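Below is one structure, written out as structure tokens; comments come after it.
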Amino acid sequence: MNVFSDFSDIVQVEIKALQDAGSLPADLDASRVAVDPPRDASHGDLTCNAAMMLAKPAGMKPRDLAELLATRLRAQELIESVEIAGPGFLNLRLGEDYWRDHLRDVLAAGEAYGDSTMGADVPVNVEYVSANPTGPLHVGHARGAVFGDVLASLLDKAGYAVTREYYINDAGSQVDALARSVHWRYREALGEAMGEMPEGLYPGDYLVPVGKDLAEREGDKWRDGAEETWLADFRQLGVDAMMVQIRDDLAVLGIVQSVFTSERALVEAGMVDAVIETLEGKGLIYRGVLEPPKGKTPDDWEERPQTLFRASNFGDDSDRPLKKSDGSWTYFASDLAYHLDKYRRGFGTLINVWGADHGGYVKRVAAGVTALTDGEAALDVKLCQLVRLLEDGEVAKMSKRAGTFVTLRDLVDSVGRDVVRFIMLTRKNDAQLDFDLVKVREQSRDNPVFYVQYAHARSYSVARMAKEAFPDADFTIEAMQGANLARLTDSDELGLIKVIAAWPRTVEGAAEAHEPHRLAFYLYDLAAAFHALWSKAREDTSLRFVVADDPELTQARMALVLGVRTVVASGLRVMGVEPVDELRA
RNA sequence: GCGCCCGUAGCUCAGUUGGAUAGAGCAGCGGACUUCUAAUCCGCAGGUCGCAGGUUCGAAUCCUGCCGGGCGCACCA
């Protein structure tokens, strides 16, 4: 139901027909021919660049080629007119009935409108959040969480077989620190006078209940043993407790991931060994000495031979170590194991959502994935920039003292899940985002959440008016499909249908580019078009949705209103935002 | 020093994967409430798309080099 891809198909058929007729060379590559919305609505409904793309390979003038295609396209029933403009654009205008029929299709599809088969059930793995299990999620995590979750929903809508995944970094030294912190809290709960918590431990009081719970359940059996006797157990206890809390926090944001992969489990299952074996088989591992980075040699730099992966063969700036000096695997090594694991589980498309501070790590992982899968797997790492919390334009004061910070849960509690989810997508992922705790509560056009929700609520408000004017009439979506849409004749009414009709293309484009923020911008535009029509009717009363003495016209316009509602709801669902029926406070 | 990201109206940002005369919001100015909730809308003004080259029918978009900002840079994750 994507207007643009439908007509792109038609254009391709006509190009083929011209080839068969000998009017065009048989070996033309028409893959870059596109049908797009024109920048300027006065150019028509659709624009096609075929003449410019094919002129040179066909050895023709663009205008002549355009004329050839235009003649064939004019014979199409759905196409009202074809004009050739500028350097050779084909500007197509569709008949009004085409748009009216499209609106009927939207109503029939309901919120499934915009669903696409583009993804062809191809498995895609979206890994996001993956915060270290050493503390609660903070606001910075919220952005990646929402981004990844909505991207997953978007890909699902576009027809991919999506898995939402979380990678638990439970093997490094930071979880040892967690274990010691839990032990410290445990002893504290047993009544020991602990004094100041040592450096390097996690001082946040979120571990207090963990220690207390342990003391109650286990008594003092872990208190006096050497660290080796309790470290592994406390590590697991700590990670489990943190993961319960993290999943809880994510659930508050409406996020439920289906796969949680443990780094430690992967290592213990020998996945790193499998990586080493694979890379060694390809001759990509060697013992060598790395050059220190130019211009910034670390103070404790020492030249020594390491086990290295030839990442530079695959576009990285340097080869990368797989083993630490103590003989254990580097994080990079186990991360490669994780990616190989995902690939072996059947995912040829891997999407990772990371914080921008991990940007320097992308190349080496990409190199590793290319090497391990012989270039079969497509890896896309989406980096999310920082979120700056503001209060009415001023940078919000956050205590940077260890252990106290604004958590994700604080944020959701304060402004609500839907607001957090929507606002996080009002910027491109690689642009810094200002989150103003005051502005997002405002009921004004400044606040995109409100503005879009208001469009949805307004559709209900109009429906109530219609029901009041015609108590016996049926304004359900089913009834609207039978409305006489020929009564929609105003150019702004038809224009609104055209905005609605851009939704499937928006979904496909955003899914393909892995850019969920496009949904938020589209919904804002759709809301604006709807509000504008509503307001226009204030001055030109003949355009009002509810026309007291004309039930047929009212019904046709209600069909349009429901079309808008359907798409707004469809979009908000993908974003994980609950569409509201009423906003009146 | 190297790599990645960014640079678009006074401010905050979009820009449909290379399309036609670069768009929104805010701020500014001027308008519209006996209403279908003005919680909104309309109009005006505002630009060397950081700079300089290049690629081609066509560049904010792709390539190269500068300038400016952010992030990162063996044995942390």
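Residue numbers start from 1 in every chain, and the chains themselves are labelled A, B, ... in the order their sequence lines are given, proteins ahead of strands. Note that the structure is a prediction, hence the values are computed from the model and not measured.
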Applying a 4.0 Å non-hydrogen cut-off, can you work out what [X] is touching in the nucleic acid: base, sugar-phosphate, or nothing?
X: Ala537(A); result: base
X: Arg464(A); result: nothing
X: Glu512(A); result: base
X: Phe450(A); result: base
X: Ala466(A); result: nothing
X: Lys428(A); result: sugar-phosphate
X: Gly359(A); result: nothing
X: Leu65(A); result: nothing
X: Gln385(A); result: nothing
X: Thr47(A); result: base
X: Arg505(A); result: base
X: Val546(A); result: nothing

So which nucleotide from [options] ends up closest to the side chain of [X]?
X: Pro321(A); options: A74(B), C71(B), U37(B); answer: A74(B)
X: Glu515(A); options: A24(B), G19(B), G15(B); answer: G15(B)
X: Gln174(A); options: A77(B), G3(B), C6(B); answer: A77(B)
X: Asn49(A); options: G19(B), A77(B), A74(B); answer: G19(B)
X: Tyr331(A); options: U37(B), A77(B), U17(B); answer: A77(B)
X: Glu302(A); options: A74(B), A14(B), G72(B); answer: A74(B)
X: Asp36(A); options: C41(B), A77(B), U17(B); answer: U17(B)
X: Tyr451(A); options: C41(B), C71(B), G15(B); answer: C41(B)
X: His517(A); options: U17(B), G15(B), C75(B); answer: G15(B)
X: Ser173(A); options: C76(B), U17(B), A24(B); answer: C76(B)

When the [atom1] atoms of [N] and [M] are considered, how many whole Å apart are they?
N: A77(B); M: A9(B); atom1: P; value: 42 Å
N: G15(B); M: C6(B); atom1: C1'; value: 16 Å
N: G70(B); M: U12(B); atom1: P; value: 15 Å
N: U8(B); M: U55(B); atom1: C1'; value: 22 Å
N: G18(B); M: C62(B); atom1: C1'; value: 8 Å
N: A45(B); M: G25(B); atom1: C1'; value: 16 Å
N: C63(B); M: C5(B); atom1: P; value: 9 Å
N: U21(B); M: C49(B); atom1: P; value: 14 Å

Query raised in the report: Side-chain donor-acceptor pair under 3.5 Å between Asn352(A) and Tyr167(A), yes or no?
Result: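 Result is no, nothing qualifies.
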Report task. Tell me yes or no: between the side chains of Ser334(A) and Glu263(A), is some donor less than 3.5 Å from an acceptor? Result ->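 Yes, Glu263(A) and Ser334(A) have a side-chain donor paired with an acceptor closer than 3.5 Å.
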**Report entry** Residue Arg464(A) excluded, over 12 heavy atoms near CZ under 6.0 Å
**Finding:**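 Yes, enclosed.
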Requested in this report: Using the test salt bridge (charged side-chain N to carboxylate O under 4.0 Å, His left out), find all partners of Arg505(A) that sit at least two apart in sequence or belong to another chain.
Outcome: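 With sequence neighbours excluded, Arg505(A) shows a salt bridge (charged side-chain N to carboxylate O under 4.0 Å, His left out) to Asp36(A), given in chain and number order.
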Query - Gap separating the OG atom of Ser312(A) from the NZ atom of Lys363(A), nearest 0.5 angstrom - result: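 One finds 11.0 Å between OG of Ser312(A) and NZ of Lys363(A).
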Requested in this report: Hey, which sits more toward the 5' end of RNA chain B by its nearest nucleotide, Asp317(A) or Ser535(A)?
Outcome: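 It is Asp317(A), whose closest nucleotide lies nearer the 5' terminus.
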Query raised in the report: Considering heavy-atom distances to RNA chain B, does Ala356(A) or Lys439(A) have its closest nucleotide positioned more toward the 5' end?
Result: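 Taking each residue's closest nucleotide, the earlier one in sequence belongs to Lys439(A).
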Query raised in the report: Is any side-chain N of the basic residue among Lys342(A) and Glu165(A) closer than 4.0 Å to the acidic one's carboxylate O?
Result: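 Between Glu165(A) and Lys342(A) there is no salt bridge, as every charged N stays at least 4.0 Å from the carboxylate O atoms.
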Requested in this report: Would you mind checking if Asp490(A) and Lys536(A) are paired as a salt bridge, meaning a charged N to carboxylate O distance below 4.0 Å?
Outcome: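 Counted as a salt bridge, because a side-chain N and a carboxylate O are separated by less than 4.0 Å.
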Query raised in the report: Looking only at atom types and distance, does a side-chain atom of Thr134(A) sit under 3.5 Å from a main-chain N or O of Leu178(A), one as donor and one as acceptor?
Result: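 Between the backbone of Leu178(A) and the side chain of Thr134(A) there is no qualifying donor-acceptor contact (under 3.5 Å).
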Report task. Look only at the side chain of Asp45(A) and the backbone of Leu94(A), and say whether a donor-acceptor pair between them is shorter than 3.5 Å. Result ->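 Yes.
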Please produce a list of atom pairs where a protein N or O lies less than 3.5 Å from an N or O of nucleotides 54-59 of chain B.
residue : atom : partner  : partner atom : Å
C57(B)  : OP1  : Lys56(A) : NZ           : 2.6
C57(B)  : OP2  : Lys56(A) : NZ           : 3.2

Requested in this report: For U17(B), measure the glycosidic angle (O4'-C1'-N9-C4 for a purine, O4'-C1'-N1-C2 for a pyrimidine) and name it syn if it falls within 90° of 0, otherwise anti.
Outcome: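 Classified syn.
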Requested in this report: Write down the distance between CG (Asp434(A)) and C1' (U12(B)), rounded to a whole number of angstrom.
Outcome: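 Whole-Å distance recorded here is 8 Å.
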Query raised in the report: Can you tell me how far P of C76(B) sits from CG of Asp357(A), to the nearest Å?
Result: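 That distance rounds to 18 Å.
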Query raised in the report: Taking it one step at a time, do Tyr460(A) and Val580(A) satisfy side chain to side chain contact (heavy atoms under 4.5 Å, CB included)?
Result: CA-CA 9 Å; Tyr460(A) 277 87; Val580(A) 299; over 6 Å; no
